[in-house]
Structure formats: structure tokens, C-alpha cells
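Structure first, commentary second.
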Amino acid sequence: MITTVTLNAAIDKTYVLSDFQLGKVSRIGQIHAVAGGKGINAARVLHQLGIRTLATGFVGGSNGDFILKNLDQQQISHDFVKVDDESRICLNIMNASNGESTELLEKGPLITEQQLAEFRQKIVLLGQQSRIVIFSGSIPAGLSTSVYAELIEALRKTNAAVFLDTSGDGLIHGLKAAPFFMKPNEDEIAQLTGKRPENETELVQSLHQLADSGIECASVSLGASGSMTVYKGTIYRVRVPSIEALNPVGSGDAYVAGMAAGIYQELPIEDCLRLAAACGTANALSAHAGFVKREDVDAFLKQIEIVQL
Ligand code: ATP
């Protein structure tokens with residue numbers, strides 16, 4: 001199976017309002033609430049692709065109960081460490097009159113050393129049963145920015161290939177633990193290499209830099225411009241079809257899920273990249289993060305262009 005780790009799971013709540021103004025009373029039209037956080041989004045996409053998946057991490061309080069119930073409703077297997085503090089709510093206020101979106105993100109629970117120790121034991125056990133473990137998203141309060149690096153080290157005694165998709169210091173430390181796959185976007189590659197690539201030549205250089213530090217496969221995602229990947233020293237440029245995107249939030253998570261699904265099924269690398277890109281693009285057609293339709297993925301698979309540089 002594929003295990004996804006969400007250390008700071010959330011309820012992703014969206015309010016759709018016909019007219020939202022700060023300082024005024026607004027009545028909410030539609031409400032949508034779903035279990036979220038980048039690892040859970042990836043788990044949902046994997047499940048939609050028909051891959052055996054398990055979501056883990058930390059959940060807390062009644063918000064945590066909602067997250068688990070919502071995963072049950074979606075038939076996504078889970079095994080989280082439960083904590084007392086409330087899991088966070090991430091609120092997206094969508095103004096239907098102008099398409100503007102305002103996000104309010106809670107911080108989430110404080111995780112103790114003891115809870116981390118419990119999780120470390122759990123992830124090693126799950127790692128023994130998984131072909132791939134995906135670590136995605138932000139690090140909750142109480143945990144060090146080297147937590148991903150530590151957990152990746154703990155998984156070395158298993159055969160699981162590790163995927164890492166995070167940002168900031170967690171990403172910088174995580175790189176040192178040499179995961180199998182990373183997916184920085186343009187901002188994150190700048191955090192890793194100290195320079196924002198200004199053109200494709202510089203992007204290629206950044207990817208070679210990542211490969212030199214021991215990463216077998218790394219993709220830089222470029223939103224509607226597609227992505228570029230280094231795999232075993234070869235660079236691949238992937239272009240995606242032009243679409244009327246509804247909401248590209250979570251396309252990175254869908255991309256990671258597609259890549260993991262490809263590696264899990266032992267597809268040739270170009271087919272893995274095609275599936276990753278098709279999932280990212282399919283997610284951009286959905287109003288909510290981490291949702292793809294199989295028919296959209298299949299249609300986009302035929303339209304992705306890949307060239308070796
Ligand atoms: P997030 O953090 O919201 O998950 P991200 O910044 O990590 O996103 P993106 O680069 O936005 O990731 O998107 C990942 C992939 O999804 C892209 O490489 C591309 O394949 C696809 N994608 C994203 N946005 C679009 C779009 N507007 N049109 C077509 N494909 C898209």
C-alpha cells in the first residue's frame with residue numbers, strides 16, 4: 001500500500017458567498033467541509049485512482065473526530081495518533097461575485113515529545129507494510145523543523161520509498177535525509193538552492209543540484225506551465241494542456257499522488273510523469289483540493305507532452 005503522512009491534518013472548510021465584504025454581515029450560501037492537509041489530499045487522489053492507501057499523522061479534539069469520520073465516509077483507511085488539542089480548521093471564503101478567495105488558516109495542535117515517539121513507532125510499522133510513504137505539508141507546533149528528516153531516517157530500516165512535499169526549514173532538513181522523491185514548486189526550489197530559477201536553463205541547474213545531493217527523483221512543478229523532473233540524472237520537461245482552471249489549490253498534492261501511483265505500479269518513468277501531470281491538471285478542474293475524476297485523468301494522459309532535455 002501507499003501510506004500518506006499529514007502531521008497537521010485539517011478540516012478544509014469553504015464558504016461560498018454571493019458578496020463578501022470585511023466588516024459587514026454576510027450570509028453564507030454553500031458550505032463545503034472535508035478532511036484536508038496535503039497528505040490527506042494525496043490519499044484521496046490515490047483512493048480515486050484505485051490504489052490501496054492509508055492516511056496517518058496526528059488528529060485532535062472534535063475536529064479530529066470530524067476528519068476521521070469524513071475519511072470513513074470516503075472509504076479511505078486511516079491510522080492516526082490522537083492528541084487532545086483541536087486539529088485546525090482552514091477556512092476559504094470564496095466570493096462568488098468576483099471569484100476572490102480569502103483564506104484563514106488556524107495553527108493546529110501542539111504535539112508533545114511523547115506523541116511524536118508514539119507516531120515514530122507507528123510510522124515504522126506502517127513503513128514495513130508500505131511500498132511508498134508520502135510526507136506532505138506543514139509541521140505542527142511543538143515539533144522541530146528536522147522532524148521529517150528524523151522520520152525519513154527511522155524509515156531506512158524498511159523498504160519503503162519516501163516522498164517528501166513540504167516547504168521552508170522542514171524541506172531544507174528533509175533534503176539531507178535524501179528521500180526518493182521531492183516536489184518543490186518554484187518558491188521551494190529557491191529555498192533549497194538559494195536562488196529562484198529565472199529560466200529553463202537555471203531550472204535544469206537547480207534540478208541537477210538536487211540530484212547531486214542524493215535525490216533520485218525530483219520534480220519542480222510550474223502550475224499551468226507543467227513541470228520539470230530529474231530522474232537518475234536525466235531531465236524531463238512536461239507540458240500540460242491549457243484548461244479553464246476552477247481551483248488549482250491541491251494540484252501539487254494530486255501531482256505527488258499521481259507520481260506515487262506510477263512508481264507503485266512500476267510504470268516506466270515517462271508514464272509516471274504523465275500520470276502525475278494528468279492528476280495535477282485534473283485537480284485544477286475541481287472546486288476543492290485533492291479531488292480528481294478518473295475520466296479527466298484519462299483524458300489528460302493523452303494530452304501531456306514530455307521531452308527529454
Ligand atoms: P499546491 O501547493 O496548491 O498543491 P503546487 O504549487 O505544489 O500546488 P502546482 O505547480 O500549482 O503545484 O501544480 C502541480 C501540477 O498540476 C502542475 O505541474 C501541472 O501539471 C498541474 N497544474 C496545476 N495548475 C494547472 C493549470 N492551471 N492548468 C493545467 N495544469 C495545472
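Order of appearance sets the numbers: ligands from 1, and atoms from 1 within every ligand. Numbering of residues begins at 1 and proceeds along the displayed sequence.
- A salt bridge links R274 with D271; the closest basic N to acidic carboxylate O contact falls under 4.0 Å.
- A salt bridge does not link R196 to E202: none of the charged nitrogens lies less than 4.0 Å from a carboxylate oxygen.
- Protein neighbours of ligand 1 below 4.0 Å, counting non-hydrogen atoms: K38, K183, N185, S221, L222, G223, A224, G226, S227, V240, P241, I243, A245, P248, V249, G250, S251, G252, D253, Y255, A277, G280, T281.
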Which donor-acceptor pairs under 3.5 Å do side chains of residues 37-49 form with protein atoms, sequence neighbours excluded?
| from | atom 1 | to | atom 2 | distance (Å) |
| --- | --- | --- | --- | --- |
| K38 | NZ | D253 | OD1 | 2.7 |
| N41 | OD1 | R44 | NH2 | 2.9 |
| N41 | ND2 | D253 | OD2 | 2.9 |
| R44 | NE | G290 | O | 3.0 |
| R44 | NH1 | A35 | O | 2.8 |
| R44 | NH2 | A35 | O | 3.4 |
| R44 | NH2 | A289 | O | 3.1 |
| H47 | NE2 | Q74 | O | 3.1 |
| Q48 | OE1 | V292 | N | 2.9 |

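- We find that K195 and E186 are not joined by a salt bridge, their nearest charged nitrogen and carboxylate oxygen being 4.0 Å or further apart.
- Taken together through direct or relayed side-chain contacts under 4.5 Å among Ile, Leu, Val, Met, Phe, Trp and Tyr, L301 and F291 form parts of separate hydrophobic clusters.
- Salt-bridge check for R294 with D298: passed, with a basic side-chain N closer than 4.0 Å to an acidic carboxylate O.
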